[in-house]
Amino acid sequence: MLKAIRPSQLNALLLLSLVWLTACKDPQTVRQNELLRAAELQASGEHDAALQRLEALRTEAPNDVEILRRIAAIYTAKDDATMAALFLEQAYQQDPTDLDLLYQTYLAQRAAGEPAGELLETLAVNIPDKMTAELWAQLGQYRMQRQQTEAALEAFLKCVPQEVNQTDPGTATAIGQLFLQLDNQTQAEQWFNRAADSENLNALNALFGLLEIKLGLQDWQQAEAIIAQLD
């Protein structure tokens, strides 16, 4: 025969059951369990199944940065740069103080081929140690498009290596153009000469810059020599 359950034992069992049910229904516990399960699915290559769980969580918490970042990570794994950039941007909007998230968002935007100039400006101000020569050049181009001549020149000059003559022809040409806009023909000519002394396509733009300077100075002999080079 089954032993009779004492009232005290029954109360204890009911209490344990209540605690267990409460834990199962606790939103934070559910969230952690679902994140864990999604991570396991992603690790096993089941990206769509992982996305399904994360999207269900996002329905309940659309501004949860961790959920948004994990969704972006899955889209990155699926080689969908556009969607990855979209979710990283949403995550960054929720936490603009997260500098690592800022950097990851910028890289995602670039990978997706989307304009990211404003993010790059923020990156240069807050974490300049992340700025490579390539990123400074991109910032310089962005500022040139916005007709911010002095600011663009400042960015491009940060790309210049210690051996100045090893400056990338594209960068040298851009610096020459900016100095010319600032009416500093001496500096402009020096940078154009650096770019023109190469077989790079940017040498053509540099030669046109030199021609503009020589024509402005009415230096017809040098102008003719540059035209010969262009030919």
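Note that this is a predicted model, so its numbers are computed, not measured.
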query = Judged by atom type as modelled, is there a donor-acceptor pair below 3.5 Å linking the side chain of Thr171 to the main-chain atoms of Thr167?
reply = no

key: Hydrophobic cluster identity match, Tyr142 and Leu120, side-chain contacts under 4.5 Å   = yes

ask   = Does Ile74 belong to the same Ile/Leu/Val/Met/Phe/Trp/Tyr cluster as Leu86, with side-chain heavy atoms less than 4.5 Å apart forming each link?
value = yes

inquiry  = Under 4.5 Å between side-chain heavy atoms, counting indirect links through other Ile/Leu/Val/Met/Phe/Trp/Tyr residues: same cluster for Met83 and Tyr92 or not?
reply    = no

inquiry  = Please tell me whether Thr105 and Glu89 have a donor and an acceptor in their side chains that are separated by less than 3.5 angstrom.
reply    = no

message = Go through it in stages, so that I can follow the logic: the residues are Leu35 and Leu57, the test is side-chain contact (heavy atoms from CB on, under 4.5 Å), and I'd like the CA-CA distance, side-chain angles, deciding distance and then a yes or no.
response = CA-CA 9 Å; Leu35 287 175; Leu57 284 176; 4.0 Å; yes

inquiry  = Would you say Glu134 and Thr132 are linked by a side-chain donor-acceptor pair, where the criterion is simply a distance under 3.5 Å?
reply    = no

query = Do the side chains of Leu119 and Tyr103 get nearer than 4.5 Å, heavy atoms only?
reply = no

task = Verify the neighbour count for atom CD of Gln94: are there more than 12 heavy atoms of other residues, nucleotides or ligands below 6.0 Å?
result = yes

ask   = Hey, mind stepping through Gln32 and Leu36 against side-chain contact (heavy atoms from CB on, under 4.5 Å) and telling me if it holds?
value = CA-CA 6 Å; Gln32 291 299 328; Leu36 179 61; over 6 Å; no

inquiry  = Applying side-chain contact (heavy atoms from CB on, under 4.5 Å) to Lys158 and Met131, what does each step give before you reach the verdict?
reply    = CA-CA 10 Å; Lys158 292 182 182 292; Met131 296 292 290; over 6 Å; no

request  = Answer whether the closest heavy-atom distance between the side chains of Trp191 and Val164 falls below 4.5 Å.
outcome  = yes

query = Which atom pair, heavy atoms only, marks the closest approach of Pro115 to Gln109?
reply = O-OE1, 4.4 Å

Any donor-acceptor N/O pair, Arg70 side chain to Leu54 backbone, under 3.5 Å = no

key: Considering all heavy atoms, the nearest Ala85-Ala112 contact   = CB-CB, 4.1 Å

Minimum-distance pair of heavy atoms, taken over all atoms of Leu88 and Ala72 = CG-CB, 3.6 Å

ask   = Can you list the steps and then say if Leu157 with Leu153 is a side-chain contact (heavy atoms from CB on, under 4.5 Å)?
value = CA-CA 6 Å; Leu157 287 174; Leu153 180 59; 4.0 Å; yes

remark   = Hits for salt bridge (Lys or Arg N to Asp or Glu O under 4.0 Å) against Lys78, two or more places apart or cross-chain, chain-then-number order -> Asp48

task = State, yes or no, whether a side-chain contact exists between Gln177 and Thr173 at a heavy-atom distance under 4.5 Å.
result = yes

message = Please report the interatomic distance CH2(Trp136) to CZ(Phe156), rounded to the nearest 0.5 Å.
response = 12.0 Å

ask   = For Val65 and Ala91, which heavy atoms make the closest approach, and how far apart are they?
value = CG2-O, 3.9 Å

task = Any chance you could measure Asn202, atom CG, to Arg194, atom CZ, to the nearest 0.5 Å?
result = 15.5 Å

request  = Could you grab the distance from atom CG of Asp95 to atom OG1 of Thr97, nearest 0.5 Å is fine?
outcome  = 4.0 Å

Ion pair check, Arg69 and Asp98, cut-off under 4.0 Å = yes

request  = With sequence neighbours excluded, give me every side-chain hydrogen bond (donor to acceptor under 3.5 Å, both in side chains) pair touching residues 112-130.
outcome  = Glu121-Arg143

task = Could you tell me the separation between the CD atom of Gln187 and the CG atom of Leu178, rounded to the nearest 0.5 Å?
result = 12.0 Å

query = Do you know which two heavy atoms are closest between Cys159 and Ala137, and how far apart they sit?
reply = SG-N, 3.3 Å

Listing, residues 204-227 side-chain donor-acceptor contacts under 3.5 Å, not counting sequence neighbours, or none:
residue: Lys214; atom: NZ; partner: Glu189; partner atom: OE2; Å: 2.8
residue: Asp219; atom: OD1; partner: Gln222; partner atom: N; Å: 3.2

request  = Please report the shortest heavy-atom distance between Ala195 and Pro169, naming the atom on each side.
outcome  = CB-O, 3.5 Å

remark   = From the list Leu99, Leu139, Leu102, Leu107, side chain to side chain contact (heavy atoms under 4.5 Å, CB included) with Leu123 holds only for Leu102

query = In Å and rounded to the nearest 0.5 Å, what is the CZ to CG distance from Phe192 to Leu180?
reply = 5.5 Å

key: Distance-only side-chain donor-acceptor flag, Gln138 / Tyr106, under 3.5 Å   = yes

task = With rounding to the nearest 0.5 Å, note down the distance linking CD1 in Ile67 to CD in Glu60.
result = 9.5 Å

